[in-house]
Amino acid sequence: MKTALIFGVSGQDGAYLSRLLLDKQYAVHGTSRDAARQPFARLETLGIRDRVTTHTLSTTDAAALRRLIDEVRPDEVYNLSGVSSVALSFADPALTRASIVEAQTLILETIRTQLPSARLYHSGSSECFGDRPFGTASDEETPLAPRSPYAEAKADAHRATIAYRERHGLHASSGIVFNHESPLRGETFVTKKIVAGAAAIAAGRAADKLHLGDLSASRDWGYAAEYVEAMWCMLQQDAPDDYVIATGESHTVEEFASAAFAELGLDAREHIVSDPSLLRRAELHYSRGNPSRARDILGWEARTKFHALVRLLAGAARLQ
Ligand code: GDP
C-alpha cells in the first residue's frame with residue numbers, strides 16, 4: 001500500500017485528491033494548520049473524514065515538518081497548502097509569501113534531506129502568466145509575468161520546485177493549474193458566488209440583485225475533481241516535469257452568470273449589478289491554457305467543459 005501526504009487537506013483540492021487516493025487504496029495523511037479545531041467540512045461532505053489521518057502542522061515550521069515526514073514516510077507528497085485567494089493576497093502579502101514560498105522551500109528541503117525518494121507535487125497557478133493577450137493560450141514555455149502577491153509567490157515556489165528537480169534530482173513536478181471549480185469551492189470565488197447567489201434568488205431567500213465586479217474578465221474554468229487526477233498522474237511518470245492543467249476554453253464572467261442564472265430559471269440581466277467597488281487593482285482580463293502536454297504525456301484531458309460545469313455547479317447550488 002502506498003502512502004500519500006497532502007499539505008492543505010482541508011481545501012477543495014485536498015478533499016477531491018484524498019478521495020481519489022483512497023479509491024486507489026493509498027493510506028492518506030493530510031495536514032491543516034489546526035486539525036484539532038478544523039471541522040474538515042469538505043472531507044465530511046465527501047464521506048471520507050474518518051479515512052484520512054489528519055495532522056496539525058504549520059508548513060513554515062521546519063522542525064515540525066521534519067518530524068511529520070519522518071513519522072509518515074510518504075511515497076508521494078502533494079503540496080496544496082497556502083493562501084489561495086488573489087484578493088486576500090493583496091490584503092496580506094507577507095502571509096501569502098510565507099504560506100506559499102517559504103512553505104514550498106521547506107518542503108523541498110525536508111524531502112531532499114530526509115526522504116529524497118519521495119515524489120512531490122506542487123500546485124502552481126495560471127495566475128503566474130499574468131494578463132495575456134486576448135485569444136492566446138498559455139503553455140509550459142509561456143514566460144511568467146505575475147501581477148499579484150499571490151501570483152508572485154506561486155511563481156517563486158514554481159521556480160524553486162524546478163531548481164530542486166534540476167539541482168538535486170528530486171522527483172518534483174509542478175502543475176500550472178488554471179481555475180478549477182466545484183460545489184466544494186469557497187464562497188469568495190466568482191463561480192460559487194454566482195451559483196449560490198442565483199440559487200438564493202430563485203428560492204426567494206435573497207434580495208433579487210447580485211453584485212459582481214468585472215463581467216468581461218475571461219477564465220479557463222474546469223472541474224476540480226478531474227484536476228486532482230492530473231496531479232496524481234504527474235507523480236506516476238518516470239520523469240518529473242511541469243504541466244499546464246486546463247480545459248483549453250475561456251469564457252467571460254458574464255457568460256458564466258448568464259448560463260448559471262438560466263440553469264436556475266432566471267434571466268441574469270435582471271439580477272446582476274456591475275459594482276465598481278468590486279473591480280480589482282490588477283485584473284487578469286484573459287486567461288486560457290493549452291493542456292497539450294498533459295494530454296500527450298499524462299493522457300489527461302478535461303472532460304467537464306464550460307456548459308457541463310455550469311450545469312453541475314448550478315444543480316448542486318439548487319440543492320444546498
Ligand atoms: P481568480 O481567477 O483566481 O482570481 O478567481 P475568482 O473566481 O476570484 O475570479 C475570477 C474572475 O472573476 C476575476 O477576473 C474576477 O475579477 C472576476 N470577478 C467579477 N466579479 C467578481 C466577484 O464578485 N467576486 C470574485 N471573486 N471575482 C469576480
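Whatever order the structure lists them in is the order used to number ligands and atoms, beginning at 1.
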Quick check on contacts: which atoms of ligand 1 are under 4.0 angstrom from a heavy atom of Ala217? 14 (O)
Quick one: look at Val86 and ligand 1, take heavy-atom pairs under 4.0 Å, and tell me if it's side chain, backbone, both or neither. side chain
Arg205, CZ atom: more than 12 neighbouring heavy atoms under 6.0 Å: yes
Looking at atom 23 (O) of ligand 1, what's its closest protein heavy atom, distance included? Lys193 NZ, 2.7 Å
Count I, L, V, M, F, W, Y as connected when their side-chain heavy atoms are under 4.5 Å apart, and connections chain through other members. Are Leu88 and Val86 then in the same cluster? no
min-distance protein heavy atom vs atom 20 (N) of ligand 1 -> Gly213 N, 2.7 Å
The one among Lys192, Arg219, Glu254, His285 that brings a heavy atom closest to atom 13 (C) of ligand 1: Arg219
Quick one: closest heavy-atom pair of Ala151 and Cys128, and the distance? O-SG, 3.6 Å
Do me a favour and list the nearest non-hydrogen protein atom to atom 5 (O) of ligand 1 with residue, atom name and distance? Asn179 ND2, 3.4 Å
If you scan protein heavy atoms around atom 26 (N) of ligand 1, the nearest is Thr188 O, 2.8 Å
Please check if atom CZ in Arg293 has more than 12 non-hydrogen atoms from other residues, nucleotides or ligands closer than 6.0 Å. yes
From the candidates Glu187, Glu283, Glu127, the one that places a heavy atom nearest atom 3 (O) of ligand 1: Glu127
Indicate, as side chain, backbone, both or neither, the part of Val253 found under 4.0 angstrom from ligand 1 when only non-hydrogen atoms are considered. side chain
closest protein heavy atom to atom 4 (O) of ligand 1 is Arg280 NH1, 2.6 Å
Residues that Gln114 engages under side chain to side chain donor-acceptor pair (under 3.5 Å), provided they are two or more places apart: Asp70
Fit a plane to each ring of His29 and His55, take the angle between them on a 0 to 90° scale, and name the class: parallel (under 30°), tilted (30 to 60°) or perpendicular (over 60°). parallel
Could you tell me if Arg132 and Ser138 have a donor-acceptor pair between their side chains, going purely by distance under 3.5 Å? yes
Can you find a non-hydrogen atom of Glu181 under 4.0 Å from ligand 1? no
Over 60° means perpendicular and under 30° means parallel, so tell me whether His122 and His158 are parallel, tilted or perpendicular. tilted
Residue, atom and distance of the protein heavy atom nearest atom 27 (N) of ligand 1 read Val190 CB, 3.4 Å
